[in-house]
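Since the model is a prediction, treat every value here as computed from it, not as a measurement.
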Protein chains: 2
Amino acid sequence: MHTLSKNQQIIFDIIDKSREPMKAYSILFNVQKKGIKAPLQVYRALDKLVEIGKIHKIESRNAFIACQNSSCQVSKATAFSICESCEKVTEINNSSLSKYLSNFKDKAGMKYSKYNLEFFGLCKKCITK
Amino acid sequence: MHTLSKNQQIIFDIIDKSREPMKAYSILFNVQKKGIKAPLQVYRALDKLVEIGKIHKIESRNAFIACQNSSCQVSKATAFSICESCEKVTEINNSSLSKYLSNFKDKAGMKYSKYNLEFFGLCKKCITK
DNA sequence: TTACATAGTGTTATATTATAACATTTAAAT
DNA sequence: ATTTAAATGTTATAATATAACACTATGTAA
């Protein structure tokens, strides 16, 4: 296990507590009272947290969420569902899906070490609206 | 079929000719001689081209490539391989993969209308380096 | 425990990516 | 011909992200 540094811990905590993906400058705003004043301090912590799998970046939204899977192994194999109405994002934890994708090989003979999948649609709540 | 407007055609052409994904401001630089002067003119064309499936955005790279599939149907089901060394990006056209993902349903009962998948690794050339 | 290397911090400045707002023009549909 | 929708041109600005440099803390190994 990895021990987080001071800034990493502060920033992880705020993302982990959030019920929705957080953007970098929103994080910055929220941690200024804790002494983190500059964007770079946030981005450096984010980079590290992504690297060790504690958080994931939702690429289509430029936002970050805490990993919902117990383990960090899966930081190289991420899948999310995104509601295009309410913007709720959920990490998908489905072994069939991860097996299928981890074993996927394309014609070009490229061997993949990582993937990121984002599904878009409407969540249950938003469908009925 | 859709007829492209003047700006849309100019911007599609330059992306289509490019052998690598193009970034918005690189596109802007390259079309200034054609009278397109402002970022917004580029972004508006990009938005439309993405909407109609002529190009795709590589989210992890903030860059755009022309659709490599003959049809525009697939604009809602995109998959790419990205070499992390040379940054070569290739659109994956694999019916097993697209069937699997199009039929995928998660526990939450959310029905997906769209997905985007990005694989990362090393291409053949870069493996042997 | 000192020295060395590695990782993390603080700070200022700046680069890159993207949109708001508004006036005008062109194309398409009735 | 008139109306409507789509596209354009323009200026300004918002939002996202990194470069560069000086300094500090932490872990490792002699």
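Across the protein-nucleic acid pair, B:Arg44 atom CZ and C:dA21 atom C1' stand 11 Å apart, rounded to whole Å. Atom CG of B:Leu46 and atom P of C:dT17 are 12 Å apart (whole Å). Per the geometry, CZ belonging to B:Phe64 stands 10 Å off P belonging to C:dT17, to the nearest Å. The nearest whole Å value for the distance from the CZ atom in A:Arg61 to the C1' atom in C:dT17 is 16 Å. Regarding A:Lys34, its NZ atom lies at a distance of 17 Å from the C1' atom of C:dT9, rounded to whole Å. Atoms CD (B:Gln32) and C1' (D:dG9) sit 14 Å apart, rounded to a whole Å. Straight-line distance from the CD1 atom of B:Ile27 to the C1' atom of C:dT17: 12 Å, rounded to whole Å. Atom CD in A:Gln9 sits roughly 14 Å away from atom C1' in C:dG8 (whole-Å rounding).
When the side-chain nitrogen and oxygen atoms of B:Lys23 are compared with OP1 and OP2 of C:dT16, none of them lie within a distance under 4.0 Å. For B:Asn7, no side-chain nitrogen or oxygen approaches OP1 or OP2 of D:dA6 to under 4.0 Å. For the pair A:Ser5 and C:dT9, the criterion of a side-chain N or O lying under 4.0 Å from OP1 or OP2 is met. Remark: B:Lys6 is in phosphate contact with D:dG9, judged by side-chain N or O atoms under 4.0 Å from OP1 or OP2. Contact check, A:Gln41 against C:dG10: a side-chain N or O comes under 4.0 Å of OP1 or OP2.
Which of C:dA18, C:dG10, D:dT8 sits closest to the side chain of B:Lys57 comes down to C:dA18. Checking D:dG9, D:dA17, C:dG8 against the side-chain heavy atoms of A:Tyr43 singles out D:dA17 as nearest.
Side-chain contact between B:Leu117 and B:Ile92 is absent, with no heavy-atom pair separated by less than 4.5 Å.
Between the OG1 atom of B:Thr78 and the CD atom of B:Glu59 there is a distance of 8.5 Å, given to the nearest 0.5 Å.
Using a 4.0 Å heavy-atom criterion, one finds that A:Leu40 contacts the bases of the nucleic acid, with or without backbone contacts as well.
No donor-acceptor pair under 3.5 Å is formed between the side chain of B:Ser102 and the backbone N or O of B:Lys99. For A:Gln41 (side chain) and A:Asn7 (main-chain N/O), no donor-acceptor pair under 3.5 Å exists by modelled atom type.
Cluster annotation: B:Phe119 is connected to B:Tyr100 through the hydrophobic network of ILVMFWY side chains, with a link wherever side-chain heavy atoms come within less than 4.5 Å.
For the pair B:Ile36 and A:Asn62, nearest-nucleotide mapping onto DNA chain D gives the more 5' position to B:Ile36. Place A:Lys48 and A:Lys37 on DNA chain C by their nearest nucleotides, and A:Lys48 ends up nearer the 5' end.
Residue ring and base: B:Tyr25 counts as stacked with C:dT17 (centre distance below 5.5 Å, interplanar angle below 30°).
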